[in-house]
Each structure stands twice: as C-alpha cells, then as structure tokens.
Amino acid sequence: MKSPIKAVPAGGRLNLFFMEMIIVLMFFSIASAVILNAFAASGRLSRESERLERMSFCAQSAAEIFSESGSLSQTLEELFGSGSYEILNADLEGGGYAAEAKLPLTGDCEYSPQSPEIFMILIETAEKSDSGTLKILSVKFENTDNEELYRITSGAYIPAERRSDANE
C-alpha cells in the first residue's frame with residue numbers, strides 16, 4: 001500500500017518555494033525599514049520647520065516694534081514683559097553705541113532661563129549725526145553651539161528734532 005503523504009524529491013520544488021519565501025520576507029523587511037526611516041526623518045524636518053517658523057515670527061515682531069520705537073529696551077519690554085533681561089552697552093567710535101541682549105527661548109518668543117536651547121540675540125547699533133540718529137537692530141538666533149540659525153535686520157531713523165523733543 002502506498003502512503004498518502006508524498007515524499008519530496010531530493011532536489012525538489014519545496015526547497016525552491018522556501019527560498020522564494022525567505023527572499024520575499026527579506027525584501028519586505030528592508031522596505032519597511034526604509035519606510036520607517038523616512039517617517040522618522042519627516043518628523044524631524046517638521047519639528048525643525050516649526051522651530052524656524054517660530055523664530056521668524058519672533059524676529060519679525062521684534063523688528064516691527066523696533067522700527068516704530070527705535071529702542072532696544074522698549075522692544076524687549078513689549079516682547080517679554082518686565083525687565084528680566086540684561087542689556088549690555090558699549091560705546092562706539094564716532095559717537096554711536098551698541099547694545100546687546102542674549103535671551104534663551106522656548107515657544108513663541110517666550111523667555112525661559114530654565115531651558116537654554118536656542119538664544120535670541122538682539123544687537124542695537126546707533127550712528128549719530130547732526131540730522132538725527134540711525135539705529136539698526138540685528139536679531140539673530142543661535143543654538144548652544146553658537147551656530148546661527150536665523151537672522152533679520154531692521155532700522156529706525158530718528159530725526160534730530162524728534163530726539164530733542166524726547167529729551168525734554
């Protein structure tokens with residue numbers, strides 16, 4: 001009597017079937033690894049894009065406030081509230097000055113000294129002349145490695161008449 005179970009030939013087709021299945025599984029595992037890597041990279045790019053967008057909005061806000069007020073301290077006051085920041089001043093040759101503020105940021109222009117991952121650096125320079133004062137504000141963002149991430153420059157011209165009115 002013959003057995004109902006058929007024997008597989010020695011160089012048979014069953015070994016080729018298993019080889020094909022192993023190759024197909026390897027292909028799908030490699031493809032899934034590539035797809036997961038692409039998803040992870042897209043998440044990182046999305047977070048970086050969101051961070052750059054927040055820096056851009058914050059810098060534009062500072063530039064708009066400065067172009068109206070012409071004052072670094074007033075710009076910082078409107079952006080961050082009370083004076084919890086420090087402005088460093090230095091006199092320049094030719095009667096001008098430079099002022100700098102370096103602030104750690106989180107979120108949308110939020111000042112937070114607890115997590116200094118990104119720093120917002122505002123540098124105001126002023127060139128005085130007989131007709132008035134040209135003030136320039138440079139807003140830049142740096143990471144902890146001092147790598148510049150974003151920069152914007154704004155200016156404000158204050159005529160001599162307005163400057164003398166402000167001193168009274």
Side-chain angles (χ1 to χ4, degrees), residues 29-168:
S29 65
I30 291 171
S32 65
V34 168
I35 290 171
L36 287 175
N37 192 14
F39 277 122
S42 70
R44 281 191 304 271
L45 287 174
S46 175
R47 284 189 300 275
E48 181 68 21
S49 173
E50 183 179 325
R51 188 174 74 167
L52 287 172
E53 184 178 5
R54 283 196 314 255
M55 286 188 284
S56 167
F57 287 144
C58 185
Q60 288 172 4
S61 296
E64 288 175 8
I65 294 168
F66 182 79
S67 66
E68 273 191 35
S69 69
S71 167
L72 177 61
S73 58
Q74 188 172 351
T75 301
L76 290 171
E77 189 72 30
E78 288 193 36
L79 279 178
F80 301 110
S82 67
S84 58
Y85 44 82
E86 183 180 350
I87 298 176
L88 308 172
N89 287 321
D91 290 330
L92 299 175
E93 294 179 18
Y97 68 91
E100 178 179 347
K102 185 173 184 178
L103 306 164
L105 294 179
T106 61
D108 299 331
C109 273
E110 296 171 1
Y111 172 62
S112 172
Q114 288 82 15
S115 60
E117 180 183 323
I118 298 175
F119 293 95
M120 177 181 186
I121 300 169
L122 296 100
I123 301 170
E124 174 188 5
T125 55
E127 297 175 12
K128 297 179 181 179
S129 67
D130 292 338
S131 60
T133 304
L134 175 62
K135 293 185 174 186
I136 298 172
L137 178 71
S138 177
V139 181
K140 70 178 179 176
F141 292 88
E142 290 181 351
N143 60 14
T144 52
D145 299 330
N146 293 331
E147 176 187 356
E148 187 174 307
L149 303 172
Y150 185 80
R151 176 188 290 261
I152 190 170
T153 303
S154 176
Y157 180 73
I158 302 170
E161 302 86 48
R162 179 175 164 196
R163 190 177 58 206
S164 64
D165 292 343
N167 291 334
E168 294 176 358

Exercise. Which residue pairs pass the salt bridge (charged side-chain N to carboxylate O under 4.0 Å, His left out) test when at least one of the two sits in residues 149-159, sequence neighbours left out?
Worked result: Glu148-Arg151

Problem set entry | Rounded distance [0.5 Å steps], CD1 in Ile136 versus CD in Glu124 | 10.0 Å

Exercise. Just wondering, do Arg47 and Glu50 contact through their side chains at under 4.5 Å, heavy atoms?
Worked result: no

Exercise. With Asn146, which residues qualify under side-chain contact (heavy atoms from CB on, under 4.5 Å), at least two apart?
Worked result: Lys102, Glu142

Exercise. After noting the C-alpha distance and the side-chain angles of Asn143 and Leu149, does the key distance pass the side chain to side chain contact (heavy atoms under 4.5 Å, CB included) rule?
Worked result: CA-CA 7 Å; Asn143 60 14; Leu149 303 172; 4.2 Å; yes

Exercise. Which heavy atom of Ile65 sits nearest a heavy atom of Gln74, and at what distance?
Worked result: CG2-O, 4.4 Å

Exercise. Looking only at heavy atoms, what is the nearest atom pair of Tyr150 and Ala59, with distance?
Worked result: CE2-CB, 3.7 Å

For this session: Output the distance between atom CG (Asn37) and atom OG (Ser32), rounded to the nearest 0.5 Å.
Result: 11.0 Å

For this session: Measure across Thr75 and Ala62 and return the closest heavy-atom pair with its distance rounded to 0.1 Å.
Result: CG2-O, 3.5 Å

Exercise. With sequence neighbours excluded, what pairs up with Glu53 under the side-chain hydrogen bond (donor to acceptor under 3.5 Å, both in side chains) test?
Worked result: none

Problem set entry | salt bridge (Lys or Arg N to Asp or Glu O under 4.0 Å) involving Glu147 - partner list, sequence neighbours excluded | none

Exercise. With a 3.5 Å cut-off and no angle check, do the side chains of Tyr157 and Ser67 form a donor-acceptor pair?
Worked result: no

For this session: Report yes if some heavy atom in the side chain of Gln60 is under 4.5 Å from a heavy atom in the side chain of Ile152; otherwise report no.
Result: yes

Seminar exercise, completed: Here the gap from Ile123 atom CD1 to Lys140 atom NZ, rounded to the nearest 0.5 Å, amounts to 5.0 Å

Exercise. Does any non-hydrogen side-chain atom of Thr153 lie less than 4.5 Å from one of Leu137?
Worked result: no

Problem set entry | Partner residues of Glu64 under the side-chain hydrogen bond (donor to acceptor under 3.5 Å, both in side chains) criterion, sequence neighbours left out | none

For this session: For Ser154, enumerate each residue passing the side-chain hydrogen bond (donor to acceptor under 3.5 Å, both in side chains) test, keeping only those at least two apart in sequence or located in another chain.
Result: none

For this session: Report the distance from atom OG of Ser61 to atom CZ of Phe66, rounding to the nearest 0.5 Å.
Result: 15.0 Å

